[in-house]
Amino acid sequence: MLNSIPSFTRLVSELAKFPGIGNKTATRLAFFLLRQPEAETEALASALLDLKRRTRFCSVCFHITEEDPCQICTDKGRDDTLICVVEDPQALLAIERSRSFKGRYHVLHGALSPLDGIGPADLKVAPLIRRLEQGTIQEMLIATNFTVEGDATALYLAKLTQHLGIKLTRLAYGIPMGSELEYVDEATVNRAVEGRREL
Amino acid sequence: MILECLKAYNYRNLAATELSWNEKFNVVYGSNAQGKTNLLEAIYLFGHLKSFRNARGSDLIRHNAETARLNATIKRHKVRHQLEITLAKAGRTPKINGKTVQKLTQFLGHLRTVIFTPEELGIIKGYPAGRRALLDRAILQTDPTYLERVQEFDRVLRQRNQLLKQQSSFKELIPWNSAFVRTGGIIRYERINYLERFRSQLRLVYKEITGGTETADVHYSVAPGALQCLTEQLATDLDKNYQREQKLGLTLAGPHRDDLEFLVDDRLLRTFGSQGQQRSFLLAFKAAQVVDLEKQLKESPILLLDDLASELDASRQEGFFSFLLQRQSQVFLTAAQLPKLAISVRQTASYFKVDQGMIFLTTPE
Ligand SMILES: Nc1ncnc2c1ncn2[C@@H]1O[C@H](COP(=O)(O)OP(=O)(O)OP(=O)(O)O)[C@@H](O)[C@H]1O
Ligand SMILES: [Mg+2]
Ligand SMILES: [Zn+2]
């Protein structure tokens, strides 16, 4: 019966493309939207369009931004000698939220994964090398994810930049804060022990 | 660890009845194709989340059904836990006490199971992959986190092979080479360590079952060494094989190519073993696994014995039962006919009859 309402069906199909949303949830959301006043729907529609029309990637660090270069790249209070390399904007935001890092960033937009057809040319590696070659950066913190692919990407970058004489660091494998050792899974404890540091 | 109750919904041909099991010895009997092995497979699943048969997840779901579910009540260190496995076409979802687990390794280890089944006998004369899997499953029962190391290695291997197939530059291979060497070295190291410990148990148990006439042994195709040596050896092999690997598009040496040799009286079981020797060996392998688990965990795994009677002659069966009597394990034993058991076992055992997937408690005679 729902198929007899083409505009409804069309919206459900679009919503069902979202990550983590199946047909059931999409239908529920569509019914919710249906009952909304028109002004609300207009606000949502223009927010969606704005997001697309106003944002782009920063031409320096490739983070999402409305102005180019982005706020992080133009922030005078940040350390120009330190750069943090992440896989995606989400990772950048996670580090920013922690307020633990005061250098610059570089977003790769992915990690090496031959099985998915992703090689160095598909990532923002070349612009990173150009930034490093300018000579200001003294330390590169590689904060790619702790996956097989993230690790390989880190190693690849390390090899690639060896000759530049930049200090290379990797995020430490850690025990989540507030967790008791007893309840942390063994693999994490293992890596935390391997990556122990002097007090 | 004890399996107290089991409920199966839409699991193969098993009927949805709730069954309470004997803490010591369960005899499950019935004609062919009634569901005896299916029952053992369902219990086994709690320890491995994978069947010992070459079955896909969807094979385990009753024909024409969408999902299957297994519920177990277990007792460990005097505490009861509810374990649940939901099987669907898309995959399996394990739960502990009603809560979904974040990692499979958190589920594994709650109910450790060791199975002896004629369906695994082909492993002895089959391809090395079967023997490697047998070993990996044994290690996994002692240390569930081994699964993560194996999965990491598999992923690295597949990524590396993909690059080789694409004829990529050596520069692109470098990070995958070092990941391969690191993860592969760990797998070899753990396999070798396990076998070093396991070998003496295997010899003892094999002697016991066969009445001391033959000696059994296992050999891994890579010599023991420190983790660093094993890692360096893998690196050397990668260098040596680079040209050929590039041409063939696959990785020629590593834990994925190793073999585990089974020997009786220093002769390869794969080429010289009689049917009886193969069965005794596999049984001894499983029994040694039980002893090792008891030593490592101070806790007995659940022993699943499928169709033992049709596999061993009377004297070897007797040897095995005397081994069993020294164990603390809860045992599930299947047979087409009611087996003749030693009096001490018979008195404590419970008997279950299986008929077209329905299982019920009986009192024989
Ligand atoms: N997915 C499934 N759905 C329904 N029935 C199934 C399914 N898979 C297997 N079966 C049935 O289960 C039966 C086999 O059960 P099982 O292998 O446990 O037999 P068994 O009692 O061990 O017999 P045997 O003594 O010959 O070893 C067969 O009748 C088979 O058709
Ligand atoms: Mg059977
Ligand atoms: Zn920027």
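All chains are named by letter (A, B, ...) in the order of the sequence lines, taking the proteins before the strands, and each is independently numbered beginning at 1.
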Inset, instruction - Please determine, among B:Gln162, B:Gln159, B:Arg155, B:Lys165, the option with the most heavy-atom pairs under 4.5 Å with chain A. - result: B:Gln159
Which portion of [X] sits near chain A, non-hydrogen atoms under 4.5 angstrom:
| X | answer |
| --- | --- |
| B:Glu152 | both |
| B:Leu163 | both |
| B:Lys103 | side chain |
| B:Glu148 | side chain |

Inset, instruction - Ignoring hydrogens and angles, state whether a donor on the side chain of B:Gln296 or B:Thr142 is under 3.5 Å from an acceptor on the partner side chain. - result: no
Inset, instruction - Could you tell me whether the side chains of B:Tyr194 and B:Glu190 share a donor-acceptor contact shorter than 3.5 Å? - result: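 The criterion, which ignores hydrogens and geometry beyond distance, is not satisfied for B:Glu190 and B:Tyr194.
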Inset, instruction - Tabulate, in ascending numerical order, the residues of residues 86-113 of chain A having at least one heavy atom closer than 4.5 Å to a heavy atom of chain B, or enter 'none'. - result: A:Leu112, A:Ser113
Inset, instruction - Could you tell me which residues in residues 138-158 of chain A have at least one non-hydrogen atom under 4.5 Å from a non-hydrogen atom of chain B, sorted by residue number? - result: A:Val148, A:Glu149, A:Asp151, A:Ala152, A:Leu155, A:Tyr156
Salt-bridged, [X] to [Y], with N to O below 4.0 Å?
| X | Y | result |
| --- | --- | --- |
| B:Arg197 | B:Asp292 | yes |
| B:Asp136 | B:Arg149 | no |
| A:Asp68 | A:Arg56 | no |
| A:Asp50 | A:Arg53 | no |

Inset, instruction - Compare all side-chain heavy atoms of A:Thr161 with those of A:Ile166 and state whether any distance is below 4.5 angstrom. - result: no
Inset, instruction - Check whether any side-chain heavy atom of B:Asn10 sits under 4.5 Å from a side-chain heavy atom of B:Arg69, and report yes or no. - result: no
Legend entry - Candidate list B:Leu157, B:Leu230, B:Ile187, B:Ile186, test side-chain contact (heavy atoms from CB on, under 4.5 Å), partner B:Pro255, passing option: B:Ile187
Legend entry - Passing option when B:Val79 is tested against B:His81, B:Lys75, B:Arg76 for side-chain contact (heavy atoms from CB on, under 4.5 Å): B:His81
Inset, instruction - Tell me, yes or no, whether the heavy-atom count around A:Gln71 atom CD, taken from other residues, nucleotides or ligands under 6.0 Å, exceeds 12. - result: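 For A:Gln71, atom CD is not crowded (no more than 12 foreign heavy atoms under 6.0 Å).
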Legend entry - Steps toward side-chain contact (heavy atoms from CB on, under 4.5 Å) verdict (B:Leu134, B:Leu260): CA-CA 9 Å; B:Leu134 189 72; B:Leu260 182 63; 5.6 Å; no
